[in-house]
Amino acid sequence: VRARVMEVEESPEVTYQDIGGIEDQLEEVRETVEMPLKNPDMFEEVGIEPPSGVLLHGPPGTGKTMLAKAVANQTDATFIKMAGSELVHKFIGEGAKLVRDLFELARQHEPSVLFIDEIDAIAAKRTDSKTSGDAEVQRTMMQLLSEMDGFEERGEIRIIAATNRFDMLDRAILRPGRFDRLIEVPKPDIEGREQIFKIHTRKMNLDEELDFAQLADMTGEASGADVKAVCTEAGMFAIRDDRTEVRMQDFLDAWDKIQAEDEEEDISRT
Ligand code: ATP
């Protein structure tokens, strides 16, 4: 079971150059995660402790996982990922045990970046109903906090959590010594989208006429993941047309298609 739910990558392939439009966020991640891993003595000499945990929050598909992977890559750290939703499982005590195993794994693979996605699944505000399920979730979160509190050898293991539901979080996890550095990762603005289009078309065989500024302009509200989907879909349009070169029209068609799909989803959801 454990091997399935915990994802371990010795050194992920994502680099800082693969991330577009969130320079400030990247800078903060470097300062709080990369610096302590690369230069722990610096913090000791200055006499301060690096932030214990970093919390990335923002809409889906904005690059939170990428940031965590890229910093692991840059520091030659092992990337260990676990989703909060997978930590809260059916059996009493299992969640807390998984958390212990997770930190054990991180210690074995030092230096490591421990990435806990969907942290809201174990750290949501307490509800009034005291069902056993809630109690189990509570225990899992207490175990996580106690693992973090028990951290002596700072630096060698860095913890990054992520959520799309910042509003739902129990404020207890944001206290000093816990996830005490918050980084908001928003959807890209128009310049960010242009950069992300350039990143995801790097390996594509593009027609010279491609207008990146127009692509960025027309895709308002798109996340980084949406931009990537547009690029892939544009390539599919070229393939359907039996061409190897991707044209502006393919991107326009791709965007139409993706928007239509989103609308369908919205309708089926209501
Ligand atoms: P979720 O909250 O849904 O887990 P996330 O914020 O962790 O989302 P990622 O998994 O990092 O998002 O992004 C999904 C994919 O979208 C990435 O693999 C990448 O291809 C693309 N992407 C997202 N944001 C960016 C970005 N800022 N620059 C380049 N590509 C991006």
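Each ligand, and each atom within it, is numbered from 1 in the order the structure gives.
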Can you list, by chain and residue number, every protein residue with a non-hydrogen atom closer than 4.0 Å to ligand 1?
D18, I19, G20, I22, P60, G61, T62, G63, K64, T65, M66, D117, N164, I196, H200, G224, A225, K228
Going by the ring-ring contact (aromatic ring centres under 6.0 Å, His included) test, which pairs reach into residues 15-72, not counting sequence neighbours?
H57-F166
Please tabulate, for the side chains in residues 212-219, all donor-acceptor contacts under 3.5 angstrom to protein atoms that are two or more places apart in sequence or on a different chain.
from, atom 1, to, atom 2, distance (Å)
T219, OG1, R193, NE, 3.4
T219, OG1, L215, O, 2.7
T219, OG1, A216, O, 3.4

Salt-bridge criterion met for R175 and D149 (N-O under 4.0 Å):
no
For atom CD of E44, is the number of surrounding heavy atoms from other residues, nucleotides or ligands below 6.0 Å larger than 12?
no
Any side-chain donor-acceptor pair under 3.5 Å between Q143 and E147?
yes
Sorted by chain and number, sequence neighbours left out, salt bridge (charged side-chain N to carboxylate O under 4.0 Å, His left out) with K257 holds for E233, E261
